[in-house]
Protein chains: 2
Amino acid sequence: MMRGIPEGAVHGGLAAQAALVFERERKERGTRPERVGKNRLGAEPRAAMALKSHSEAERRRRERINAHLSTLRSLIPGTCKMDKAALLTEVIGRIKELRTSTTEISQGVNVPADADEVKVEVNGHGGGPFSLRASICCADRPDLLADLRQTLLSLPLRTVKAEISTVGGRVKNEVVLTCDGCEDDSECSVFTNNVHQALKSVLERAAAPPEFPGKRRRISSPFHAMSSSP
Amino acid sequence: MMRGIPEGAVHGGLAAQAALVFERERKERGTRPERVGKNRLGAEPRAAMALKSHSEAERRRRERINAHLSTLRSLIPGTCKMDKAALLTEVIGRIKELRTSTTEISQGVNVPADADEVKVEVNGHGGGPFSLRASICCADRPDLLADLRQTLLSLPLRTVKAEISTVGGRVKNEVVLTCDGCEDDSECSVFTNNVHQALKSVLERAAAPPEFPGKRRRISSPFHAMSSSP
DNA sequence: AGGCACACGTGAAGC
DNA sequence: TGCTTCACGTGTGCC
């Protein structure tokens with residue numbers, strides 16, 4: 001493993017010394033390698049300096065990379081004493097994991113665009129009761145939640161999970177619906193269409209009574225949608 | 001940069017050859033380095049084989065690490081032609097970014113534990129109006145949202161964002177509050193305490209009228225909390 | 001020409 | 001002991 005500053009600076013330097021000594025001995029025995037006239041004057045110290053700066057630069061490069069690897073070790077728990085390769089494997093796993101989880105979460109959580117929209121997609125399909133993930137995004141209004149509730153209750157589906165996020169007068173409602181007594185998965189497509197149509201109707205009812213069609217209504221507080229007494 | 005398979009396989013081998021030739025020349029001139037009796041018999045080919053397998057193993061190690069780096073390059077867009085160090089810098093940035101976004105999203109989204117709890121933390125503190133992120137987690141009840149709404153409206157804070165997630169009769173309400181006309185950041189601590197106390201009172205009012213103290217009330221639908229007409 | 005980045009082989013430690 | 005991992009210096013190609 002060799003932690004800290006090893007005296008390994010000797011060995012590589014040892015190979016270098018070996019090569020240099022070899023060069024010197026060849027010269028001493030008169031065995032010029034090739035292109036004698038190329039080295040005009042003072043070529044030896046210049047080459048030595050270049051070699052030294054080269055090794056120092058390479059050293060700095062290694063330190064940079066290792067510092068980054070150390071940062072990665074500190075970032076991912078449980079990799080303190082791991083191999084470089086194992087660390088990178090873990091890093092790759094983390095990137096993939098976080099990427100998928102982030103996208104699959106944020107696509108359902110973040111407040112959507114300014115345009116009204118209705119999304120319905122099959123959540124789990126194979127094996128057991130399937131579930132639908134439906135979301136509707138529109139401008140906030142006091143009776144939206146009640147309308148949405150009544151609409152969903154009219155469907156033969158059970159609301160497993162509901163999530164509401166609102167910001168700036170826009171609201172996104174996302175629900176997860178499941179069918180308790182479903183024996184055939186082939187029905188899920190018709191359920192998907194039904195849910196989509198139902199939410200579309202909510203959207204149309206939302207667009208129906210706009211006092212000022214061109215302007216968006218001003219919402220004083222996100223709790224507009226929560227008010228239990230109109 | 002040197003992409004692909006360089007013929008650099010020669011040079012390192014060249015240095016090795018130089019060292020080996022040097023070794024051989026020393027032996028030919030009878031200049032034993034040290035410890036002559038140590039090499040008993042057949043030590044030369046054995047050492048050569050060990051050295052060869054060693055270099056091959058090191059080569060495989062490098063290939064493994066580089067393969068992982070290549071995978072990371074494919075994982076993060078825009079790093080195809082980057083340095084190793086720059087690539088790792090980008091990887092670190094990605095990990096941090098994804099980690100924070102995932103945690104800050106999931107900690108507000110996921111359904112909390114079974115225990116009731118109130119959390120209040122300062123969101124943005126330095127520069128401009130600060131904001132508080134407050135959340136309350138408890139069992140669902142019809143008047144919870146109305147209570148929460150009235151409680152928050154009684155505070156001199158504005159509700160910027162509200163998010164509700166409920167599952168299995170448990171509900172988590174998370175709100176982001178800000179103070180519009182705050183000139184001093186030192187007040188945020190008292191606001192934090194006020195919000196915490198207010199939410200605690202909501203929690204206590206929730207625990208007050210339990211028909212069956214030991215058992216949790218059964219909730220038929222998450223839209224219980226949304227019902228606009230009691 | 002000089003700096004930079006890379007792959008290579010090798011000595012030293014840890015199991 | 002052998003196998004693995006690491007840091008090092010070096011050769012080499014590309015700006």
Side-chain angles (χ1 to χ4, degrees), chain A residues 1-23 33-34 38-40 42-70 73 79-89, chain B residues 1-24 33-35 38 40 42-70 73 79-90:
Chain A
M1 201 64 78
M2 186 183 294
R3 274 283 72 111
I5 300 179
E7 51 272 28
V10 177
H11 78 18
L14 199 145
Q17 284 181 2
L20 290 179
V21 171
F22 172 44
E23 279 289 325
E34 48 183 327
K38 189 179 178 181
N39 303 335
R40 302 186 71 87
E44 259 194 66
R46 274 185 63 88
M49 288 299 286
L51 221 59
K52 181 181 176 183
S53 76
H54 181 30
S55 67
E56 285 177 354
E58 182 66 15
R59 200 174 109 115
R60 277 190 291 270
R61 172 176 168 270
R62 274 193 300 264
E63 285 176 355
R64 243 174 23 226
I65 294 179
N66 284 335
H68 286 157
L69 291 179
S70 179
R73 276 200 182 83
T79 58
C80 306
K81 287 305 168 188
M82 265 190 184
D83 239 336
K84 279 185 182 179
L87 167 67
L88 291 180
T89 303
Chain B
M1 200 64 78
M2 184 185 294
R3 274 282 70 113
I5 301 179
E7 50 270 31
V10 177
H11 75 22
L14 198 144
Q17 283 180 5
L20 288 179
V21 170
F22 172 45
E23 278 290 324
R24 193 178 304 117
E34 48 181 330
R35 307 270 309 158
K38 188 180 180 182
R40 301 187 71 87
E44 258 194 68
R46 275 185 62 90
M49 289 298 287
L51 222 58
K52 182 181 175 182
S53 76
H54 180 29
S55 67
E56 286 176 354
E58 183 65 16
R59 194 181 133 109
R60 279 190 291 269
R61 172 177 168 270
R62 275 193 299 262
E63 285 177 356
R64 241 171 29 224
I65 294 179
N66 285 334
H68 286 156
L69 292 180
S70 179
R73 276 199 182 83
T79 57
C80 305
K81 288 304 167 189
M82 265 188 185
D83 240 338
K84 279 184 181 178
L87 168 67
L88 290 181
T89 303
E90 214 66 22

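Naming convention: chains lettered A, B, ... in sequence-line order (proteins, then strands); numbering from 1 in each chain.
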Notebook entry, point to check: Where the side chain of A/Ser55 is defined as all heavy atoms beyond and including C-beta, which of D/dG11, C/dG2, D/dG9 is the nearest nucleotide?
Noted result: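 For A/Ser55, the side-chain atoms sit closest to D/dG9.
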Notebook entry, point to check: Quick one: which of C/dA1, C/dC6, D/dT10 gets closest to the side chain of A/Arg46?
Noted result: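 Per side-chain heavy atoms of A/Arg46, the pick is C/dA1.
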[X] [atom1] to [N] [atom2], straight-line distance once rounded to whole Å:
X	N	atom1	atom2	answer
A/Glu56	C/dG3	CD	C1'	14 Å
A/Ile65	D/dC6	CD1	P	13 Å
A/Glu63	C/dA5	CD	P	14 Å
A/Arg59	D/dC6	CZ	P	18 Å
A/Leu69	D/dC6	CG	P	9 Å
B/Arg60	D/dC3	CZ	C1'	11 Å
A/Met49	D/dG9	CE	P	15 Å
A/Leu88	D/dC6	CG	C1'	14 Å

Looking at [X], I'd like to know whether one of its side-chain N or O atoms comes within less than 4.0 Å of OP1 or OP2 on [N].
X	N	result
B/Arg64	D/dT5	yes
B/Lys81	D/dC14	no
B/Lys52	C/dT10	no

Check: Run the side-chain contact (heavy atoms from CB on, under 4.5 Å) check on B/Leu88 and B/Lys84 step by step: do they pass?
Finding: CA-CA 6 Å; B/Leu88 290 181; B/Lys84 279 184 181 178; 5.6 Å; no
Looking at [N], does its base get a donor-acceptor pair with the side chain of [X] below 3.5 Å?
X	N	value
A/Arg61	C/dG3	no
A/Glu58	C/dC4	no
A/His54	D/dG11	yes

Checklist line | B/Arg62 vs B/Ala85, nearer the 5' end of DNA chain C by closest nucleotide | finding: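 It is B/Ala85, whose closest nucleotide lies nearer the 5' terminus.
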Margin query: Could you check whether B/Arg61 pairs with B/Glu58 (Lys NZ or Arg NE/NH1/NH2 to Asp/Glu carboxylate O, under 4.0 Å)?
Written below: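 B/Glu58 and B/Arg61: salt-bridged.
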Item checked: Gap between atom OG of A/Ser53 and atom CZ of A/Arg59 - 0.5 Å precision ->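 Going from the CZ atom of A/Arg59 to the OG atom of A/Ser53 covers 13.5 Å.
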Checklist line | Residues forming a side chain to side chain donor-acceptor pair (under 3.5 Å) with A/Thr89, sequence neighbours excluded | finding: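 If we apply the side chain to side chain donor-acceptor pair (under 3.5 Å) test to A/Thr89, skipping adjacent residues, the hits are B/His68.
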Check: Who are the side-chain contact (heavy atoms from CB on, under 4.5 Å) partners of B/Ala86, not counting sequence neighbours?
Finding: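 Here the qualifying residues are B/Met82, B/Asp83.
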